[in-house]
Amino acid sequence: MIKSELIARLAEENPHLTQKDVERVVSVILDRMILALESGGRVELRGFGAFSVRSRGARSGRNPRTGESVSVRAKHVPFFKSGKELRVRLNAED
């Protein structure tokens, strides 16, 4: 599901809200999550999972086209750990 599909589905399920209002709400939620992660925080959605930021150190990599060794800078990457309820629902047998 992509963001526009989520917005359309939420607008469909909530006819008292316009699609523009739903789009604004979804954007604000995602923006706040990004701001929390940017400031080094953690975002936890009970039953769904938790988002955090992890650091990756600098390393030596390879250019896949040429095989040449290249240096890769240190960086921060988002990390997601699923919650128990999500794992249970994904692994439930029909």
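The side-chain hydrogen bond (donor to acceptor under 3.5 Å, both in side chains) test applied to Ser71 returns no partner, not counting sequence neighbours. Evaluation of the side-chain hydrogen bond (donor to acceptor under 3.5 Å, both in side chains) rule for Ser39 yields no partner, not counting sequence neighbours. Applying the side-chain hydrogen bond (donor to acceptor under 3.5 Å, both in side chains) test to Arg24 and every residue at least two apart in sequence or in another chain returns Asp21. Partners of Phe79 under the ring pair (Phe, Tyr, Trp, His ring centres under 6.0 Å) rule, at least two apart in sequence or in another chain, do not exist in this structure.
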Using a 3.5 Å cut-off and no angle test, enumerate the donor-acceptor pairs between side-chain atoms of residues 43-61 and protein atoms at least two apart in sequence or in another chain.
{"from": "Glu44", "atom 1": "OE1", "to": "Arg42", "atom 2": "NH2", "distance (Å)": "3.3"}
{"from": "Glu44", "atom 1": "OE2", "to": "Arg46", "atom 2": "NE", "distance (Å)": "2.9"}
{"from": "Ser55", "atom 1": "OG", "to": "His76", "atom 2": "ND1", "distance (Å)": "3.0"}
{"from": "Ser60", "atom 1": "OG", "to": "Ser69", "atom 2": "OG", "distance (Å)": "3.2"}

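For the atom pair CD (Glu68) and CG (Asn63), the distance works out to 6.5 Å, reported to the nearest 0.5 Å. Interatomic distance, CG of Asp31 versus CD of Glu38, reported as 9.5 Å (0.5 Å rounding). Rounding to the nearest 0.5 Å gives a distance of 12.5 Å between CG of Leu86 and NZ of Lys81.
Shown here for Gln19 and Ala11, the closest heavy-atom pair between the two residues is CA-CB, 4.0 Å.
Taking hydrophobic clusters as Ile, Leu, Val, Met, Phe, Trp and Tyr residues chained together by side-chain heavy-atom distances below 4.5 Å, Leu30 does not share a cluster with Leu35. Hydrophobic clustering (side-chain heavy atoms under 4.5 Å, transitive across Ile, Leu, Val, Met, Phe, Trp, Tyr) keeps Val28 apart from Val22. Hydrophobic clustering (side-chain heavy atoms under 4.5 Å, transitive across Ile, Leu, Val, Met, Phe, Trp, Tyr) groups Phe80 together with Met33. Both Met1 and Val25 sit in one connected hydrophobic cluster of ILVMFWY residues. Membership requires side-chain heavy atoms under 4.5 Å apart, directly or through other members. Side-chain heavy atoms closer than 4.5 Å link hydrophobic residues (I, L, V, M, F, W, Y) into clusters, and following such links, even through other members, never connects Ile29 to Ile34.
Sorted by first and then second residue, the side chain to side chain donor-acceptor pair (under 3.5 Å) pairs involving residues 5-17 (not counting sequence neighbours) form an empty list.
By the neighbour-count criterion of 12 heavy atoms within 6.0 Å, atom CZ of Arg87 is densely surrounded, having more than that number from other residues, nucleotides or ligands.
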